[in-house]
Amino acid sequence: DNQAFRDLLALDLETGKQRTLLKDARIGEMVLNPADRSLWGVRQANGLVTLVRIPAPYTEWNQVRTLSYGELMYDLDISPDGSLLSSSFGTVDGDQSLRVYQVDALLSGDFEPMATQDFGSAAPEGFVFAPGGRQLYGSSYFTGVSNIFRYDLDSMSLDGMSNAETGFFRPLPVDENT
């Protein structure tokens, strides 16, 4: 749907047939909540960004929160147990942060993050939850090149996991027990 408004389609993997679930929904950055099978995403319209939830069977979207003009959410992820949502967050003055929200709080109208890690003007990119759901891994140019960082929710600390001159991108945490 390039050069148009984003649709949400369902694809039958066996037949290859597709059907439109939401036409011109303008929703991207989607992530699946494994707890209730809802999709969460970011809708952009009229210069405003809205965090949305699309409950199964994915035929309507619900506004969770429309951000103030100049605020942006991107790179969403949801913890394996479905209780936490993370996002990179940018403001009109160029400040970038990683924010973590409790899903239940978001659904009740509370948009206060439970954790925030400031990245200054360096964007946190592709942060994803580790299998245990208490750490996130992602990349940032925080040190001048793109390297991997771990954000620990228990200690609220950010640790560099790499320090390569050429950088690293989009980590994929794996469960060491599998």
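Worth saying up front: this structure is predicted, and the values here are computed from it rather than measured. All heavy atoms count here, side chains included; hydrogens, waters and symmetry mates do not.
Clustering ILVMFWY residues whenever any of their side-chain heavy atoms sit less than 4.5 angstrom apart, transitively, puts L39 in a cluster other than the one holding V49. Cluster annotation: V31 and L67 are assigned to the same hydrophobic cluster (Ile/Leu/Val/Met/Phe/Trp/Tyr, side-chain heavy-atom contacts under 4.5 Å, transitive).
Looking only at side-chain heavy atoms (C-beta outward), V92 and L72 stay at 4.5 Å or farther from each other. Counting heavy atoms from C-beta on, the side chains of L8 and I27 never come closer than 4.5 Å. Contact of the V52 side chain with the V64 side chain is not registered, since no non-hydrogen atoms from C-beta on lie closer than 4.5 Å. Within the 4.5 Å cutoff, the side chain of F149 has no heavy atoms near those of the Q117 side chain. Residues L85 and L106 are in side-chain contact: their nearest non-hydrogen atoms beyond the backbone lie under 4.5 Å apart.
Put simply, CD1 on I54 and OG on S38 are 9.0 Å apart, with the number rounded to the nearest 0.5 Å. Separating the CE atom in M156 from the CG atom in L158 is a distance of 13.0 Å, to the nearest 0.5 Å. Here CG of L51 is found 11.0 Å from CD of E29. Values are rounded to the nearest 0.5 Å. Rounded to the nearest 0.5 angstrom, M30 CE and R43 CZ are separated by 12.5 Å. Atom CG of residue N46 and atom OG1 of residue T66 lie 10.5 Å apart, to the nearest 0.5 angstrom. A distance of 11.0 Å separates CD in E112 from CD in Q102, rounded to the nearest 0.5 Å.
S79 places a side-chain N or O within 3.5 Å of a backbone atom of L84 that can act as its donor or acceptor partner. Using modelled atom types, one side-chain atom of S88 and one backbone atom of P124 make a donor-acceptor pair closer than 3.5 Å.
Here ring-ring contact (aromatic ring centres under 6.0 Å, His included) pairs that include residues 56-101, with residues two or more places apart or in two chains, are Y101-F111. Under the salt bridge (charged side-chain N to carboxylate O under 4.0 Å, His left out) criterion, no residue pair touches residues 56-73, with sequence neighbours excluded. Applying the salt bridge (charged side-chain N to carboxylate O under 4.0 Å, His left out) definition to pairs two or more places apart or across chains, those involving residues 139-155 are R134-D154, R150-D159. Contacts classified as side-chain hydrogen bond (donor to acceptor under 3.5 Å, both in side chains) and involving residues 10-21 (residues at least two apart or in different chains) are not found.
The two residues S162 and I148 make their nearest non-hydrogen contact at OG-N, 2.9 Å. The minimum heavy-atom distance between D7 and D24, with the atom names listed, is OD1-N, 2.6 Å. Closest approach of F129 to I78, counting heavy atoms only: CD1-C, 3.6 Å. Closest heavy-atom contact between S146 and S139: OG-CB, 3.5 Å. Nearest heavy atoms, V103 versus W40: CG1-CZ2, 3.7 Å. Listed here is the closest heavy atom pair of S68 and L48: C-CD2, 4.3 Å.
The pair R53-D36 meets the salt-bridge criterion, with a side-chain N (NZ, NE, NH1 or NH2) lying under 4.0 Å from an Asp/Glu carboxylate O.
For D118, there are no side-chain hydrogen bond (donor to acceptor under 3.5 Å, both in side chains) partners, not counting sequence neighbours. In this view, A35 and N33 satisfy the side-chain contact (heavy atoms from CB on, under 4.5 Å) rule, not counting sequence neighbours.
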(message) Could you go through V100 and L136, starting from their C-alpha distance and side-chain angles, then the distance that decides it, and tell me whether this counts as side chain to side chain contact (heavy atoms under 4.5 Å, CB included)?
(response) CA-CA 10 Å; V100 180; L136 294 108; 3.9 Å; yes
